[in-house]
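What follows is a set of notes on a single structure, which appears directly below.
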Amino acid sequence: MDLRDRPEDVAFRDEVKRFLDAHLVGEFAELGGRGGSGDETFGFETRLRWEKVLAEHGWTCIGWPTEHGGRGASMTEQVIFNEEYARAAAPGRVSILGEGLLGPTLIHYGTEAQKARFLPPIREGRELWCQGYSEPDAGSDLANVKTRAVLDGDEWVLSGQKVWTSLAHQSDWCFVVCRTDPDSSRHKGLSYLLVPMDQPGVEVRPITQLTRTSEFNEVFFDGARTARDNVVGAVGDGWRVALATLAFERGVALLGHQLSFRRELDHLVAVAQKNGKADDPVLRQRLAQAHIELTIMRYNTLRSLSGVDGPVAPPEASIAKLFWGSWHRALGELALDVLGPSATVVDGDQYELNEFQRSFLFSRSETIYGGSNQIQRNIIGERVLGLPPEPKGTA
Ligand SMILES: Cc1cc2nc3c(=O)[nH]c(=O)nc-3n(C[C@H](O)[C@H](O)[C@H](O)COP(=O)(O)OP(=O)(O)OC[C@H]3O[C@@H](n4cnc5c(N)ncnc54)[C@H](O)[C@@H]3O)c2cc1C
């Protein structure tokens, strides 16, 4: 396998660079690449305007097929786009859940009417989405979902509670996994509904995190309504559709912020060189190790994605998720050691965290969301190594 750019890749890379050189200016350049994971509330309005600039020039949803307004970009092109995007320190995207999760799910499972209604506003940055899966008793064990929906004429009526719903407070719509067969249990009898957020039956309560920001929320449905046709896949077949979305989440959708790790590590090396920590024999070993592992991660991601035209298969996706989540958590710890005692001090009276402090705190969550490290190990143990299924508690 040759991972160097072919002539057509060079041409595509140049096209991306030209676009970024011309448009990543003014208020967009001033954001300095902020607004990604763990920093979602930063510069939100500016990032929303940037999303529209991307859309006007055909740089949103580039992996979607052309008939749905995408570029039909190959996996290689998507990688190149993300690499250049991260390198240029372009703003954190606001529409990742719509573009990366719901859009591909609708393209595979949606009706023609659903595609016509929901895909264009995602592509144009006009409607933002959130993911209503987790509940207080249904996280890793998603099949335990208790939120219910019953039909009332031409509408579904929802009741129940979701939790950890990222960006719900900024979203127009939510894709919700809920129980539409009241007598069902586990993964049977679930449906995948598209629910508008701006209505009296939906209450969003932000959860304030260690980082002092509120990126995710509790969402309460109490008589919330959505049209009967807003069910993706068959009624009662929501588990299959929900898993398809998760496969997208664990696949290429994760690539984007993996690539921003390079910038973060480069910045950390620059800090270490400036503050003298690059002379510390242990820290320099750890910095070199971080570089080696990041390089391995990049090649492994490219290898897993080559020849793939959709979500990455579960074992590869699990290995990648386990690797990058743990790597970034370790980088957060290394960053604080490089900063030394100043890592415990924050700037100004607004308790503004710097890049590394934010990353240290937020990276703890990266070994949890999108399937925790333990769950990924279960998948690898059972599906790759053929180990017996995990023992169930007897209580
Ligand atoms: C930053 C962030 C953003 C999120 N955004 C969203 C979102 O937008 N929408 C959404 O629906 N959800 C979201 N989540 C929720 C996320 O999907 C859940 O946190 C995750 O699935 C774990 O579920 P839980 O928190 O209920 O933990 P639990 O499932 O209760 O797990 C607790 C601990 O037990 C371990 N554990 C659980 N089951 C097993 C097992 N079978 N074997 C071994 N160990 C096990 C876990 O690994 C974990 O360490 C987000 C979470 C975070 C941290």
Subject >> Side-chain donor or acceptor of Gln357 paired with backbone N/O of Val345 under 3.5 Å >> reply: yes
Original post:
Taking the six-membered ring for Trp, are Phe356 and His267 ring centroids under 6.0 Å apart?
Top reply: yes
Subject >> Sequence neighbours excluded - salt bridge (charged side-chain N to carboxylate O under 4.0 Å, His left out) pairs with any residue from residues 151-176 >> reply: Glu135-Lys162, Asp152-Arg225, Glu155-Arg225
Subject >> Pair Phe118-Trp129, ring pair (Phe, Tyr, Trp, His ring centres under 6.0 Å): steps then yes or no >> reply: CA-CA 10 Å; Phe118 293 112; Trp129 285 80; 5.5 Å; yes
**OP:** Salt-bridge test for Glu264 and Arg358: reply yes if a basic N is under 4.0 Å from a carboxylate O, no otherwise.
**Re:** no
**OP:** Evaluate the criterion side chain to side chain contact (heavy atoms under 4.5 Å, CB included) for residue pair Gln114 and Val232; output intermediate values, then yes/no.
**Re:** CA-CA 8 Å; Gln114 287 169 345; Val232 184; 4.3 Å; yes
**OP:** Would you check if the side chain of Arg179 reaches a backbone N or O of Arg148 as a donor-acceptor pair within less than 3.5 Å?
**Re:** no
Original post:
Roughly how far, to the nearest 0.5 Å, is the OG atom of Ser74 from the CD1 atom of Ile80?
Top reply: 7.0 Å
Original post:
What distance separates Gln170 CD from Cys130 SG, expressed to the nearest 0.5 Å?
Top reply: 10.0 Å
Subject >> CG-CD distance between Leu361 and Gln209, expressed to the nearest 0.5 angstrom >> reply: 10.0 Å
Subject >> Check: Asn82 side chain, Gln78 main-chain N or O, donor-acceptor pair, under 3.5 Å >> reply: yes
**OP:** Indicate yes or no: at least one non-hydrogen side-chain atom of Leu97 is less than 4.5 angstrom from one of Leu102.
**Re:** no
**OP:** State, with a plain yes or no, whether a side-chain heavy atom of Asp39 is found less than 4.5 Å away from one of Thr213.
**Re:** no
Original post:
Would you call Asp9-Arg6 a salt bridge at under 4.0 Å N-O?
Top reply: yes
Original post:
Any sub-3.5 Å donor-acceptor pair from Arg123's side-chain atoms to Gly70's backbone N or O?
Top reply: no
**OP:** Find the distance between CG (Leu193) and OG1 (Thr180) and round it off to the nearest 0.5 Å.
**Re:** 7.0 Å
Subject >> Side-chain donor/acceptor of Arg329 to backbone N/O of Thr367, under 3.5 Å >> reply: no
Subject >> side chain to side chain contact (heavy atoms under 4.5 Å, CB included) assessment of His291 paired with Leu287 >> reply: CA-CA 6 Å; His291 166 76; Leu287 286 167; over 6 Å; no
Original post:
Has Arg186 got its NZ or CZ under 6.0 Å from the middle of the six-membered ring of Trp239, at an angle within 45 degrees of the ring axis?
Top reply: no
Original post:
Stepwise, does the side chain to side chain contact (heavy atoms under 4.5 Å, CB included) test hold for Ile207 with Trp164?
Top reply: CA-CA 8 Å; Ile207 300 173; Trp164 315 127; 3.8 Å; yes
Original post:
Judged by modelled atom types alone, do Glu215 and His169 share a side-chain donor-acceptor pair under 3.5 Å?
Top reply: no
Original post:
Are Leu353 and Phe360 close enough that some pair of their side-chain heavy atoms sits under 4.5 Å apart?
Top reply: no
Original post:
So, are Glu40 and Arg93 salt-bridged, with charged N and O less than 4.0 Å apart?
Top reply: no
**OP:** Identify the two heavy atoms, one from Gly132 and one from Cys174, that lie closest to each other, and give their separation to 0.1 Å.
**Re:** N-SG, 3.5 Å
**OP:** Heavy atoms only: give me the nearest Val145-Cys178 pair and the separation to one decimal.
**Re:** CG1-CA, 3.9 Å
For residues 18-31, which side-chain N or O atoms pair as donor and acceptor with protein atoms under 3.5 Å away, sequence neighbours left out?
residue, atom, partner, partner atom, Å
His23, NE2, His57, NE2, 3.4
Glu27, OE1, Arg49, NH2, 2.9
Glu27, OE2, Arg49, NE, 3.0

**OP:** Could you tell me whether the side chain of Asp222 and the main chain of Gly201 form a donor-acceptor pair under 3.5 Å?
**Re:** no
Original post:
Under 6.0 Å between ring centres, would you say that holds for Tyr85 and Phe81?
Top reply: yes
Subject >> Sub-4.5 Å side-chain heavy-atom contact between Lys321 and Ser318 >> reply: no
**OP:** Without swapping roles, check the side chain of Glu293 against the backbone of Ala290 for a donor-acceptor pair under 3.5 Å.
**Re:** no
Subject >> Short side-chain to backbone donor-acceptor contact, Thr245 and Leu101, under 3.5 Å >> reply: no
Original post:
Is there a donor-acceptor pair closer than 3.5 Å between any side-chain N or O of Tyr133 and the backbone N or O of Ala138?
Top reply: no
**OP:** Calculate, to the nearest 0.5 Å, the distance between atoms CG and CD belonging to Asn373 and Glu366 respectively.
**Re:** 10.5 Å
Subject >> Any Leu151 side-chain heavy atom under 4.5 Å of Trp156 side chain >> reply: yes
Original post:
Is there a side-chain contact between Asn230 and Phe175, using heavy atoms and a 4.5 Å cut-off?
Top reply: no
Original post:
Salt bridge between Arg13 and Glu83, side-chain N to carboxylate O under 4.0 Å?
Top reply: yes
Original post:
Is it the case that Thr111 and Asp229 place a side-chain donor and acceptor less than 3.5 Å from each other?
Top reply: no
Original post:
Would you call Thr46 and Pro91 a side-chain contact if the rule is heavy atoms closer than 4.5 Å?
Top reply: no
Original post:
Are the side chain of Ser184 and the backbone N or O of Lys188 linked by a donor-acceptor pair below 3.5 Å?
Top reply: yes
Original post:
Are there more than 12 heavy atoms of other residues, nucleotides or ligands under 6.0 Å from atom CD of Gln285?
Top reply: no
**OP:** Report whether Leu331 and Phe362 are members of the same hydrophobic cluster (ILVMFWY, side-chain heavy atoms less than 4.5 Å apart, transitive linking).
**Re:** yes
Original post:
Going by the salt bridge (charged side-chain N to carboxylate O under 4.0 Å, His left out) test, which pairs reach into residues 273-283, not counting sequence neighbours?
Top reply: none
**OP:** Report the distance from atom OG of Ser372 to atom CZ of Arg377, rounding to the nearest 0.5 Å.
**Re:** 9.0 Å
**OP:** May I ask whether Ile122 and Val53 are part of the same hydrophobic cluster, defined by side-chain heavy atoms of I, L, V, M, F, W, Y residues being less than 4.5 angstrom apart, directly or through others?
**Re:** no
Original post:
Does any non-hydrogen side-chain atom of Glu127 lie less than 4.5 Å from one of Arg117?
Top reply: yes
